[in-house]
Every structure is written in C-alpha cells, then in structure tokens.
Amino acid sequence: MKAVIAEKPSVAREIAMLLGATEKKDGFLTGNDYCVTWAFGHLVGLAMPEDYGISGFQREQLPLIPNPFILTVRKIKKDKGYVTDSGALKQLNVIKEAVNRCESVVVATDAGREGELIFRYIYEYIKCKKPFERLWISSLTEKAILDGFANLKPGSDFNGLYKAAKCRSRADWLVGINASQALTIVAGNGIYSLGRVQTPTLALICKKYREHESFVVKNYWQIQLEHRKDFIDFKSVSKVKYDDKKKAEEVLRSIQRQGRLTVSHVETKTVSEKPPLLFDLTGLQKEANKKLNLSAEETLNIAQSLYEKKFITYPRTGSKYIPEDVWPEIPHLIRALGGSPQYKELVAKVNWGRFNKNIVNDLKVTDHHGLLITERIPSAVSHSEKAVYEMIALRLLEAIGGICTKEITDVNLEVLNNDFIMKGCRIIEVGWRRIKGSFTDEEGDMESLPELNKGHELKINNATILEKKTMPPALYTEAGLLSAMESAGKEIEMQEERMALQNIGIGTPATRASIIETLFSRGYIKREKKSLIPTEKGLKVYDLVKDKKIANVLMTAEWELALQKIETGEAGSETFENDMKDYAASITSELLNAPIVGENYLQLTCPKCKRQQLLAWEKFIKCSNKSCDWIQFLNVCGVQVDIKEIEKLITGGKTSLIKGMKSKAGKKFDAYIVLNGTGETSFEFENDKTKKR
C-alpha cells in the first residue's frame, strides 16, 4: 500500500478519486491499495525561542543560534502567547498513522520549493524512514495527474530543492529573530520586525518615497502648434522647454506673425515588436495590478483557485517559456478555448498554421513552465477569476502570434531658429496585436502623420502655450514594486556584480506577494490610492537600518543566487548555513551597537512645560518629563496624523488642513488642529470657528 500526501484536502480528494481511493475516513481516503491524506500548508515549522527555553528580549542572549534547529507543530496566537494548533496536531497524527500503515510514500504537495519543505518537515518530524517518490506535475487535470503517477520520480531527485528550502527557512529564522530582537531592544519603544527579505523591500519603498518627497517641482512651458495637411490634423511641440513664461510668450508672438514653419529633417524607421512571452507569476501579478487593481496576494490566491479548479497550469512559476514536448498541446488548448462562445471571436483572430514558437525554450524552463490554460474552460467563476483567466488566455493567443511591424517617423521642424518636433506611427503588419486590437501600449502621444519631406512648409493653424510641471519620481505601485523586486540586481552599481546578479531579485515569484503583505501587517506601509507609501513606523525602521547590511539589496540578491545554486546542486548547503549564522551574529552586533537614542527624542520642546523634549511613540507624542501630562495622540478622529504635522503644530501652532475626520456621531469633517500658549489643542474650521478638544 502507498500513502499519498497532498498539500490541501481539495487536491487530495481529486487525486483519491482518480486512484480509486473512495472510502472516506477521518482525515484521509483509502482504497485500491492507496491511502490518500493531506496537510493544511505548513503543519510543522522551526521552533521559536520559547521552545529553546529563551523568553523575552534580552541583550545578553543575542545572537540566538540554535544548534540543532528544532521542529515543532504549527502554533497559533492566543491571548498573549502562542499555543499548539490542535487541528494541525490532529492531522499530523493522521498522516503519521497513514504512513505507518504503508510500505512507501508519494509526495503530492505543490511541486515547488515550499511544497517540498512542507512534506520534508513532516517526514522529519514524524521520524519516517519509508521510501518516497515525487509526483511532479504542472496542472491538476485528470491527464496530468494520471501521467504523473505513471511517471513518479525518485524522492532523492529533489534533495537539492529541499536543501534550498531548508536553508531559506533557517536563514529567515536566524536573521528575522535576531535582527528584530536587537532593534526592539535598542529602539526601546514598541516591537519591531526585521527580515532577510522584508527589510530590503521596505528600503526600496522608503527610498523611493523620500526621493519623491524631496523632489522640487518646477514649472516650465512649451509651445504647441496645430497643423492640417492632406485632411489630417496633427500637432508639433517646441523642443525647448522654457523656464520663463514671458520668454515663451515672446517666441509665440513672433511665430504667430510668421505663420508657417519648415520641415528640416524627417527620419523613418521600421520597428518589429516580438509577441510577448507567457506570464510567469510575477508578470501576471504586475498586469493584474495595473489593469484590475488587484494586489499581488489577491492575484496569487485567484490563480491558485483557478489552478485547483483545473482551469490553468501551476501558477507559482518563474518561467515564461514552455519545453518542446509541451508545444504540440498548444493547438488543442486554443481549439478548446475557441469552443467557448465567449472566446470564439478572439480565437478566430489566430493565424492557424503560422504559430510563433518564440515561447519554446527548454533551457529557460525552471521547475514549471510558463502559465497556460488547460482544455477545461471556466463558465461559472467569480468576476475576478474570470478577469485573471482572460489575461492568461489572451496572453497565450498573443504569444503564438506574428511579429507586429510599425513605421515610426520622427519629424523636426523649424521657424525663426526655433525647433519643433513630432512623432508619428503607422502599423504595417498587425501581428500579435490583432488579438486585443490595441496599438497604444508604447507609443504614448504618437499620431498618424501625412507624408512629409524635408523642405515642406506647413501652415500654423493655431499656436498655444502649454504649462507643464517637472514630475517627481513616481511612487511605487504594487506592480512597480514587483518589478523592482524582480530586477533588484540591476540596481547594483558595480558592473561585475550587476552582471552576476542581473536575473536575480528579492524573493521568488512564489514569495513576493507574502513579503508585501508582511509589510502591511507590520504597519510599515499603507496604500494611498494605487501607490505604496511608508508609514511613520516604516520610515522610522528605515532610518534606523538603511545603512545596515540587512537593508542591502545586493546581499539579498546574492542569497537568492546562492539558494538557486543549492537547488541545482552547484553548491552545498553547509557553507550557506554557516554564512547565515555569521551574518546573524554580525547584524545583531551592528544593531545593538548602533548610535540610536533609546526613547526616540524629537528636536521639539514640550509646549506645556516649556522645558523638556518630546518623545515619539508608536501611537502618540508626549513630554519626556514624567510630571508633565502633555500628550498628543497621532490618531485624531479616525485619521492618522503624520509626525510632520505634529512638528508644524508645535513650531507654528497649527497643522495643515486635516481632511476626512469623523465626529462621534459619524459625520465627516475637515479642520486644522491648533495649539494655544498653554499647550491645549483645539479644532479650527475653515470658517474660523474653533472648538476646544
């Protein structure tokens, strides 16, 4: 008899049905010489400091370097501490019983790094010695599962994957536990969390935010001219950007008097756009954030649901390609899609017999190939699932399309020694863009132009001045942050290091969503419309660690590269683990010895006692003099007030207009917070009426 261990009950039931294990038991299914059971994600994990007999945060106990690491049953938070998850313990006993009844084990957890770790930690915890084989599939269709069971792989083939997963797990423990405790001890107020991956990600967001905030916006002006030729209306704009409006107006008047300008240069080039590759998980998350405003976590959950419903292949992939042996399946997938009324018209645009094989590359397929649909087409799914599925399906149709060919024309014009420019675009061959009928992704303001040659004179039908502003660096959206995490190696200044790490980022496609969600749950970042911005707490952490190793993108990218090498067998895990232990000791010492003021004094004097400095805590600002009771909460009527506004209040006696506050009756209002000479605060409304708080 064989025991089969899946990652989730739903997958286990699907496998059991196909294997003929139809007899239901408590926590497993049995029959036809199989016993099929399941985990609920990570049932077993690394023990916490309390499990080693270490309680509280004490300077002299750091760094914490377990030897050996202990595994423990999953714990859940209850009251002020953590207790063993009774459901996890029960299922773990079911798995142990099932394995003991069988001669061998089939690993059917998700085919990836974390799926492998889930099984191996269970295997180690229950002290199992039975031989095991691996079910390695990229979709949950009946055919894929049956083919997978017909071609089970030796468990030892995935030892590299397990070692990489175990190293990742231990590294996160060593860095996260030690750095978090060290910073919390030094900061002296509140609990702070640092992590091997979350902290460099926070640093990216904070650095971009600071660049955005410190950017000085400047006004500038350009002259825009309107023309008409061969019944086509088009515009040109001055090459010069004037920082003096009067100068722009002066030039405008002289051009208006002239009334014409001359074509001085025309350059036409043909551009070929290859079709896009298939989505990997990060690519899908970026597209869904841009087009559907879905978070990375939401997109991952939707894709996982579509996978478990057999509509798409395994979503946690880092590849955009398929192997040669999958290529023959593509026509069948497209025909199945065309059999659905809602996709019939789109599939009709496909050029049968001339499929582009750009997505086929055996060397660029990692654990799983790029995202594909299956022959099962969804009908009754949620709106979000339908939208994400369509993205994956349409990307497949685009990926096998032909090259899109465009003719791009750059035109220079001159009038009274003033240069004007315009750009035009003409589609020669639609190619893959026929699927969506969209040609504007890259062109921006490019328009259709008439035929123009050097020496042509154009009449100026209208001339205006455009007032513009220089734009600060854009804040990160979730899509932008995913791109930055994916290409973190490109941020490295040293060319040699950049080349070595050019395809290495922060985290993996499977983990980036959870990293971002961790920053939200820690209260380090928040959403402002589509942008991700740091909270005061996030900025405080950034200011404390921005020059430390733990915030270094280069180091994080190097770790990811090392984990990849362990996975492929190019490097051993022992060296990495020893390096992690040394690093944990180093970052702990670096943080504990950092010149950080324990109580976070502000450079502001208390407005009441006029003697002591103010202290910034997580939820309020208060006087450092214990006998003075002055305090200002940062959450005022439901709105989180920034430290900058408190500084304005103390130094200038008044904040900016705080919008969206709520009264006790639930009514929204806008008001200034004002401070009188005795340190009392009140509201001042725009009609100048004040209300004492």
Side-chain angles (χ1 to χ4, degrees), residues 186-192 205-206 209-217 472 475 522-529 531 533-544 595-693:
V186 172
N189 58 328
I191 303 294
Y192 293 92
I205 297 168
C206 292
Y209 176 76
R210 285 272 165 80
E211 289 171 354
H212 180 90
E213 289 294 291
S214 62
F215 185 84
V216 179
V217 176
L475 294 167
R522 303 292 187 208
Y524 289 164
I525 63 173
K526 59 185 178 181
R527 286 188 181 89
E528 202 167 85
K529 295 182 180 177
S531 298
I533 63 170
T535 60
E536 289 293 340
K537 184 178 181 181
L539 284 170
K540 180 180 179 182
V541 171
Y542 172 66
D543 287 335
L544 294 174
I596 302 169
V597 177
E599 293 181 306
N600 195 22
Y601 284 89
L602 295 176
Q603 298 300 311
L604 296 170
T605 304
C606 174
K608 185 175 181 181
C609 71
K610 308 287 195 299
R611 293 193 303 275
Q612 300 295 326
Q613 280 184 285
L614 296 178
L615 297 176
W617 298 77
E618 190 173 339
K619 296 182 179 179
F620 53 82
I621 308 291
K622 67 176 290 185
C623 181
S624 58
N625 181 0
K626 293 183 180 178
S627 63
C628 177
D629 61 358
W630 190 89
I631 188 169
Q632 173 63 51
F633 287 94
L634 295 177
N635 190 301
V636 181
C637 296
V639 173
Q640 194 71 15
V641 179
D642 286 344
I643 295 287
K644 288 180 182 177
E645 293 297 337
I646 302 300
E647 290 176 350
K648 282 184 186 177
L649 180 67
I650 305 300
T651 58
K654 185 176 180 179
T655 66
S656 305
L657 185 67
I658 309 295
K659 294 185 176 182
M661 292 186 284
K662 279 187 179 179
S663 67
K664 289 181 180 178
K667 187 177 179 181
K668 283 194 173 184
F669 67 95
D670 304 337
Y672 303 93
I673 302 173
V674 295
L675 184 72
N676 67 18
T678 60
E680 292 181 320
T681 55
S682 58
F683 290 134
E684 180 182 296
F685 300 95
E686 289 187 279
N687 59 6
D688 291 330
K689 291 181 181 178
T690 58
K691 177 183 176 183
K692 195 170 181 180
R693 291 178 60 211

Ignoring hydrogens, what is the shortest heavy-atom contact between [X] and [Y]? Give both atom names and the distance.
X      : Y      : result
Pro472 : His212 : CG-CE1, 3.5 Å
Tyr209 : Leu539 : CE2-CD1, 3.8 Å
Glu211 : Ser214 : O-OG, 3.4 Å
Gly538 : Cys206 : O-SG, 3.9 Å
Asp670 : Phe685 : O-CD2, 3.5 Å
Leu675 : Pro607 : CD2-CB, 3.7 Å

| message | Set out, in order, the CA-CA distance, both residues' side-chain angles and the distance that settles side chain to side chain contact (heavy atoms under 4.5 Å, CB included) for Leu634 and Glu536, then state yes or no. | response | CA-CA 10 Å; Leu634 295 177; Glu536 289 293 340; 5.8 Å; no
| message | If we ignore hydrogens and angles and just use 3.5 Å, is the side chain of Thr535 paired with the main-chain N or O of Gly523 as donor and acceptor? | response | yes
Interatomic distance, [X] atom [atom1] to [Y] atom [atom2] [nearest 0.5 angstrom]:
X      : Y      : atom1 : atom2 : answer
Ile673 : Ile646 : CD1   : CD1   : 6.0 Å
Cys623 : Asp629 : SG    : CG    : 9.0 Å
Lys610 : Lys608 : NZ    : NZ    : 10.0 Å
Ile621 : Glu647 : CD1   : CD    : 8.5 Å
Ile658 : Glu684 : CD1   : CD    : 12.5 Å
Gln632 : Thr681 : CD    : OG1   : 5.0 Å

| Between Phe669 and Phe683, does the ring centre distance come in under 6.0 Å? |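 Yes.
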| message | Please enumerate all residues that pass side chain to side chain contact (heavy atoms under 4.5 Å, CB included) together with Asp543, with sequence neighbours excluded. | response | Arg210, Lys546
| field | Passing candidate, side chain to side chain contact (heavy atoms under 4.5 Å, CB included) with Phe633, options Val636, Ile631, Asn635 | value |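 Result: among Val636, Ile631, Asn635, Ile631 is the only option passing the side chain to side chain contact (heavy atoms under 4.5 Å, CB included) with Phe633.
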| Lys644: what forms a salt bridge (Lys or Arg N to Asp or Glu O under 4.0 Å) with it, not counting sequence neighbours? |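 Residues passing salt bridge (Lys or Arg N to Asp or Glu O under 4.0 Å) with Lys644: Glu213.
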| message | side chain to side chain contact (heavy atoms under 4.5 Å, CB included) for Leu614 and Trp630? Distances and angles first, verdict last. | response | CA-CA 9 Å; Leu614 296 178; Trp630 190 89; 3.9 Å; yes
| request: Apply the test side chain to side chain contact (heavy atoms under 4.5 Å, CB included) to residues Ile205 and Tyr524: give CA-CA distance (whole Å), side-chain angles for both, the deciding distance (0.1 Å), then the verdict. | output: CA-CA 10 Å; Ile205 297 168; Tyr524 289 164; over 6 Å; no
